[in-house]
Each structure stands twice: as structure tokens, then as C-alpha cells.
Number of protein chains: 2
Amino acid sequence: MTALKKNDGTVGKALSLLDKVAEFGRPVRFSELLTDSEYPKATLYRLLQTLTSQGMLGYDNERQLYSLGVRLVRLAHAAWQQSSLAPIARPLLDQLSLKVGETVHLGQLDHGQVLYVDKRNPTSPLAMYSGAGKIGPGYCTGIGKAMLAFLDEEQRLRLVKQQSFHRYTETTLVTQEMLLAELVEIRQQRVAFDREEHEANIICIAAPILSGTNRVLGGLSITTSTTRYSLSQLQQFKADLLETAQNIGKLAESWHFPEINS
Amino acid sequence: MTALKKNDGTVGKALSLLDKVAEFGRPVRFSELLTDSEYPKATLYRLLQTLTSQGMLGYDNERQLYSLGVRLVRLAHAAWQQSSLAPIARPLLDQLSLKVGETVHLGQLDHGQVLYVDKRNPTSPLAMYSGAGKIGPGYCTGIGKAMLAFLDEEQRLRLVKQQSFHRYTETTLVTQEMLLAELVEIRQQRVAFDREEHEANIICIAAPILSGTNRVLGGLSITTSTTRYSLSQLQQFKADLLETAQNIGKLAESWHFPEINS
DNA sequence: AACCATGTTTCATTATATGGAACAACTAAA
DNA sequence: TTTAGTTGTTCCATATAATGAAACATGGTT
């Protein structure tokens, strides 16, 4: 699941622990971490101590539970602002969502998966963080396939091999071959569809966001349900979707950072 | 500014680099980091390599710029969900904001500063992340003072000493003594006021969120401007504020984590 | 009182990080 | 074209920090 785990010394080990804690999805005991840890007790213990003292983990003394620390929230705010497409794309997302009246997602590639960095839901405005930071599979979401399709061949093959191919629904693509064939199709059409591949009744149309040099920067999708639109009816959004995606790409491209005074 | 920097070995150094990059607020060059770095070139270089390969930093090859990585956004989503008050408090914030018709903030303590983890703005529903993750000073915000006031004496003194006491406005409390005196008052009244101490024309009433054992879990505030309410009129929110804060505390307390099967 | 599970500390050994200096690659000036 | 000046990358002997087996606490259970 977690892509590469090359050895980056102590720092790598410490950071992998953060993922471990995140995986649990709840505060976790030392012993729980120990059981499926590759490190011996003392080592694990000191790593946790370090991370805790650094504020990357929180520790509840009474209950002896480790959880992800608030420092992460602070850092992520900065990360989101300075290195995601979200701040740039914000007004364009607003516009698109308003125009089509459906849910709009903005995503980026992260280790072959889709990291959602922003979302607009025209019916119910949502509280913050409810969408950003979530991840989804690359091989069975519209944004994921759109981004994979437009990578250069080497990267594309590498990331396709990394996919876990879990069969979520009947239409999920479950082999590398099926996915690769679909990606060819997507490159031709310039849009990807999610045909209830990840969740029943949920469909979407998605496009990649490309830089001037055709590097994949992210992906954009319009999501709806089969009770509202048929797959073929989604085609009607294609023009608006492509236009917005292209505009975001342009904006990101021209986003040269202020003065770099050395 | 950055509170404690005890030596936590290599991991500590690496993490402090993340803060450095975050401080810049924009993608940054190697040489920029080098100039105000306490580490020699080679060391800094390898730390950056490690962090980049770990996805904690992103690197733009063409422009040679480091930025905070997407992995942080993913981790932070988990952190926010599992270790902040926000998910628990969400419905109560909605309720309070709706009832009083003013902006509501939810914050937690982070190294003597206020880390805002959620926010409700009744007039303009905001996009995600626009508020969560931001930090504010502890000594001149309502939530900050409310939380400081209810810490045990040892912690309170320690954190008060850490404050930087910058004079934002005429009413900012700029000495430890003034702040400590104010904190006594706050403990008596059970609410704190921000009397335009951080920003002109912005006032708020705030209360701490306490556990059953009176540990400070966070703080809650109702913010408005002097054009809409006077300071004394803010009193009218006191009952609702205290009730909500208490309910959040209770909820958090009873939030015992599912099964901890070893 | 004896036992067991969980968490913490010690310390000799080993592996890793360190940083001065050399090396590239690229620009700007001579 | 040469020379000097940036900025980024690699080397390698040394110093430092991480390691982990085992001993030690601590608290709960029979």
C-alpha cells in the first residue's frame, strides 16, 4: 500500500512511524505499535519519544495513547497554501461548481494515489478539512485515471504497477492491462470517466491539469450520481471542465514566485 | 518565536527544517536555507534530500525550489481527525454560530500559541483550510488568554514566559505582569475578552474547554467587530458560550476510543 | 506473595550522520 | 575564450548518535 520505503536513515524510520499512527485512525498504544513494528522495543520507544517531544505526535499521559500531533496541522496549512494547486484554483473551482451545479473535486498525485486538495459542493457548503487531505485510489477514480493517462510512459507504467486493484464494484478495473487500455482511450478523449468504479451510483467526468510543458500538475472532476445524470449526459460538462482545467494549468504556470533575492 | 528547540538528534534537525521552509511561506532555494542555517552545506543538503525523498518536501527540478510536501497534507488530515477537538465539536460549533450569528473559533494550545482548528463564519461560508492550521499569539487573543488562565500554575508560568509580547495595538498586554493579572481576572469570570488587543476593531469573548479533571483541552470564542457590538454587549453571549464550551468538554471526555485490543 | 504484562532505562557496540574540502555546472565579467 | 564567481553535489575519515539485548520499574491479576 505505502509505495516506496527506501531507507532514509533515522529520519525515514521516524516518519514512517507517523504513517503507522495515522493508519490506526485513532490514538494508539505503545504495545500496539510494537507488535507490527520492525524495530525493537527500545528503538521504537525512543523514536516515539523524539516525535512526541517534537510535537509531531501527541501523548495522553493518563491513557498512554499516542496520536498525531498538532504541529502537523500547522505545517499542513502552510503546505496546502504554498505547494498545492488549491489556493490558485480556488476562484475557478467556485465558478465551475456554480455553473454546473454539481460537486467539483481538485486532486493531485501522491505516490500513485489521488490526494484531494479541494472540493466544492454547491448544495451544502462544507466545513473545512472535510475534504482536503483525503486520499483515493488512482486506478478507479476519474481524477486518478486522468492524471495517470497523461504522465510520461515511464512514470505511468511505474505507477500503474503500484496500484492495488481492489474490486470495489462490478465495473472496477482490476488488472494492469485493463487500466492501461483505458488510459489510452483517455488520452484520446482528453477526459476520463468514473463509471461507478469506486462507489455504486457515483459517476464523474475528469480532466488532467497540465503545465505548459505537459507535466501533470493535478486533476479536476465533476462528480454526480446516477440518479441525477447518466454517464452519457456527463459529456455535456466536458467543455466547461476542459476549459477550467486548462485555465488552472495556465494560472499555475504563470505563478512565478515573487522575488527570490539571495 | 519557535518555542523549545531541545536536541532530538537527527530527527529533530530534519523537522526543524520543515518549520524553516514553512516560515518562508513560499518555495525556497537551497542557498536561501543555507544562509540562515546553523548546519554546514553538506549536512543541510542531505537533510533536504531525505525529507524530499520522504515526501515531506517537494522539489521543483526546473526552478530548484523546495516546498512543503503533499504528505503533510495527508498526515494533517488524519491528525485533525484523530487528535483535535474539531470533529467532536463540529455540530456544536454549527449550532452556536447559527444562534449568535457571529464568527466562532475553536482553538487548541500549541507551544503557548493558539492553533485554530475550526471556524464558523455565518455570513460567508468558507472554503476548507482557510482557517484550520492558522496560529495566533497566546497573550493577546481571547482563546489564548482563556486557555492560559486555566492551566495549572507551573505550566501557566512557563508559557507566559514564552510569550513574545509584541505590541499589536494600544491595548495589547505587553508584560508578563499585566498578562498574569489579567489571567487571575479571567479565572474569576470564567471568560476572557479580547479588547482589540490583537487587531483594531476586532473584539471577542472566549472560554476555555476543560476536561472533567479540569485539564485545558482547548478554547472557544465568539468574534465580532466594534462596529457591530460593544465590549459590554459581548456579555450577552456569555451563557451560550459557556454552555457550548462545557458541552464540548463533556463530549471530548466521554470520547473513549473504541476497542483497544492488544 | 508470586506472577505477568506493559512501559522505561542502561550501556557497550555498531551504524549513521557529519562537515571540510574537492568537484561540477552554470553565469557573469575580463 | 579565459577567468572568476555563484550555486549545487559528492567524498570520506572522523565523531556522534542510534541501536537493541537485557535489566529494571510499575501496576494490575490470580
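Throughout, protein chains are lettered first and strands after them, A, B, ... in sequence-line order, and every chain is numbered starting at 1. The shown structure was predicted, so the numbers you read here are calculated from the model rather than taken from an experiment.
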Task: N/O donor-acceptor pair under 3.5 Å between Arg29(A) side chain and Leu65(A) backbone - done: no
Task: Under 4.0 angstrom between Tyr45(B) side-chain N/O and dG8(D) OP1 or OP2 - done: no
- [ ] Indicate whether OP1 or OP2 belonging to dA5(C) is found under 4.0 Å from a side-chain N or O atom of Ser31(A).
- [x] no
TODO: Could you check how far CZ of Arg29(B) sits from P of dT7(D), rounded to whole Å?
DONE: 8 Å
TODO: Using a 4.5 Å cut-off on heavy atoms from C-beta on, say whether the side chain of Thr43(A) contacts that of Leu47(A).
DONE: yes
TODO: Could you tell me whether the side chain of Gln163(A) and the main chain of Leu159(A) form a donor-acceptor pair under 3.5 Å?
DONE: yes
- [ ] Grab the CD-P distance between Gln49(A) and dA17(D) for me, whole Å please.
- [x] 17 Å
Open item on the list: Tell me the interatomic distance from Gln64(A), atom CD, to dA5(C), atom P, rounded to whole angstroms.
Closed with: 16 Å
Open item on the list: How many whole angstroms separate atom CG of Leu48(B) from atom P of dT10(D)?
Closed with: 13 Å
Open item on the list: Between Asp152(B) and Arg215(B), does any NZ, NE, NH1 or NH2 come within less than 4.0 Å of an OD or OE carboxylate oxygen?
Closed with: no
TODO: Fit a plane to each ring of Tyr139(B) and Phe165(B), take the angle between them on a 0 to 90° scale, and name the class: parallel (under 30°), tilted (30 to 60°) or perpendicular (over 60°).
DONE: tilted
Task: Atom-pair distance (CG on Leu34(B); C1' on dT7(D)), nearest Å - done: 10 Å
Open item on the list: Less than 4.5 Å apart, side chain to side chain, heavy atoms only: is that true for Phe24(B) and Leu33(B)?
Closed with: yes
Contact list (N/O, under 3.5 angstrom) for nucleotides 18-22 of chain C vs protein:
unit_1: dT18(C); atom_1: OP1; unit_2: Lys13(B); atom_2: NZ; d: 2.9
unit_1: dG19(C); atom_1: OP2; unit_2: Thr43(B); atom_2: OG1; d: 3.0
unit_1: dG19(C); atom_1: N7; unit_2: Arg46(B); atom_2: NH2; d: 3.0

TODO: Find the distance Leu51(A):CG to dA18(D):C1' and express it as a whole number of Å.
DONE: 14 Å
Task: Residues Leu220(A), Leu93(A); criterion side-chain contact (heavy atoms from CB on, under 4.5 Å); working and verdict - done: CA-CA 9 Å; Leu220(A) 183 68; Leu93(A) 287 196; 3.4 Å; yes
Open item on the list: Distance check needed: dT7(D) P versus Phe30(B) CZ, whole Å only.
Closed with: 11 Å
- [ ] Using atom CG of Leu44(B) as one end and atom P of dT10(D) as the other, report the distance to the nearest whole Å.
- [x] 14 Å
Open item on the list: For Val11(A) and Tyr66(A), find the nucleotide of DNA chain C closest to each by heavy atoms; which residue's nucleotide sits nearer the 5' end?
Closed with: Tyr66(A)
